[in-house]
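By convention in this document, chain letters (A, B, ...) are assigned in the order of the sequence lines, proteins followed by strands, and residues within each chain are numbered from 1.
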Amino acid sequence: MTTKAAALPLRRVEECMGTVFSFDVRAAGVESADLEEVVDWLHWVDANFSTYRSDSAISRLAALGRARTADGCREEVRHVLARCEELREATNGYFDAYATGRLDPSGYVKGWAIERASDMLIERGSTRHCINGGGDVQVIGGQAHCEPWQIGIAHPLHPGTLAAVIVGDDLAVATSGSAERGTHIFDPVARAEPGYWSSVTLVGRRIAECDAYATAAFAMGEAAMDWVESLAGYEAFAIAVTGRTWASSGLS
Amino acid sequence: MKRVLLALTGTIAGLVALLSFKVQTETQATILPSASGTGGATAAPGNVNGTSTAPSGGTTATPAPTSAAPAATVVTLDGAAVRTRYGTVQVEVQMKGGAIASVSFLQLTGRDRQSQEINAHAGPILLQETLTVQSAKVSTVSGATYTSDGYRQSLQSALDQAAK
């Protein structure tokens with residue numbers, strides 16, 4: 001492999017936000033220094049939005065309870081809180097940064113961080129890349145030689161195997177499920193742990209909203225099928241705890 | 001000819017082993033015809049041809065494009081063409097009584113990129129056939145959020161390792 005013609009994939013695996021981010025950049029001109037800036041920014045997000053760090057902006061806000069005002073906060077904090085509120089409305093309350101009673105926008109922050117990292121790479125000249133943040137994926141362009149990206153969907157009931165593969169360019173793929181960390185999603189509407197799906201995968205264009213929608217669809221249970229069909233620009237693939245699979249009309 | 005086919009089967013099996021993908025018996029019967037993309041874009045090639053009739057037992061293939069009919073007949077299903085790192089692969093599966101009776105290759109191309117390209121600008125396409133899923137050349141894996149520890153056991157970790 002001494003040819004210089006094909007851009008060598010630029011890879012990076014970075015632990016951040018309690019999970020691991022995998023970068024796969026296949027665009028000529030993007031250098032490791034560019035990737036370094038993106039990774040630095042992810043750590044900045046972690047420091048400011050972590051609910052595990054008592055000194056983060058979010059922890060300080062959470063301590064104030066619902067009476068908090070983000071007016072004095074940085075633009076990024078105000079943006080995240082405003083988007084969480086919009087997403088709560090768009091999901092009929094199923095995506096809720098206050099699902100546990102205490103402010104926790106992490107369900108939005110990771111997807112938003114992946115999306116922003118992807119935009120930063122585009123600003124630095126990337127036309128093809130894949131960012132996987134703890135199982136949530138944003139792909140831009142195709143693979144080398146213009147093949148579409150192939151994104152496997154982990155089977156929640158059979159660890160180590162794939163349940164399906166999504167093929168395409170410029171896609172966001174987010175999966176919510178109980179396989180990795182147990183049921184960490186709370187259904188804020190029924191005030192219970194959701195139990196219908198083993199995992200729900202949403203396919204859209206941009207990962208921030210896509211990720212929040214996957215969380216909401218998982219919490220919705222069976223009603224997620226009608227809800228996803230009503231969304232413009234989204235498709236879904238889901239596996240019930242019984243093992244039954246469902247794909248939205250645009251995929252099946 | 002038989003020798004060549006066996007050799008290629010070996011390399012594909014090797015790829016499957018590399019990524020620890022196991023074939024699942026319970027989804028073997030779920031063979032979807034290729035999906036059409038959103039916005040009417042071109043979909044992956046592939047179709048379902050009932051050479052005789054539809055599956056028996058009532059618990060087999062989800063889409064039943066052919067009309068229902070008696071049990072124990074042989075149904076031939078053509079999978080979507082899928083690229084692996086060894087070229088494009090399209091399999092034909094013969095099912096008998098709801099179980100896979102035989103698998104043969106309709107297409108096995110090497111470096112011929114012109115053949116059976118999946119339209120790169122199609123909407124999202126779902127591959128759910130067991131055989132194509134387990135041999136697909138995935139770039140990344142989406143799943144429920146893993147912790148830093150969980151990552152080490154994940155398929156994504158295997159892919160990151162394989163790329164080094």
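- Below 30°, between 30° and 60°, or above 60°: for A:His158 and A:His155 the angle between ring planes is above 60°, a perpendicular geometry.
- Side-chain polar atoms of A:Glu235 and A:Ser248 form a donor-acceptor pair below 3.5 angstrom.
- The parts of A:Val20 that come within reach of chain B are both its backbone and its side chain, each placing non-hydrogen atoms under 4.5 angstrom from that chain.
- The residue from A:Asp119, A:Asp211, A:Asp170 that alone fulfils the side-chain hydrogen bond (donor to acceptor under 3.5 Å, both in side chains) condition with A:Arg206 is A:Asp119.
- The candidate from A:Val200, A:Val203, A:Val173, A:Val139 with the greatest count of non-hydrogen atom pairs under 4.5 Å with chain B is A:Val173.
- At a 4.5 Å heavy-atom cutoff, the contact between A:Val13 and chain B is made by side-chain atoms alone.
- Looking only at heavy-atom pairs under 4.5 Å with chain A, the residue among B:Ser148, B:Ser142, B:Ser139 that has the most is B:Ser142.
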#### Entry: Full working for side-chain hydrogen bond (donor to acceptor under 3.5 Å, both in side chains) between B:Tyr146 and B:Gln153
CA-CA 9 Å; B:Tyr146 37 74; B:Gln153 276 85 53; over 6 Å; no
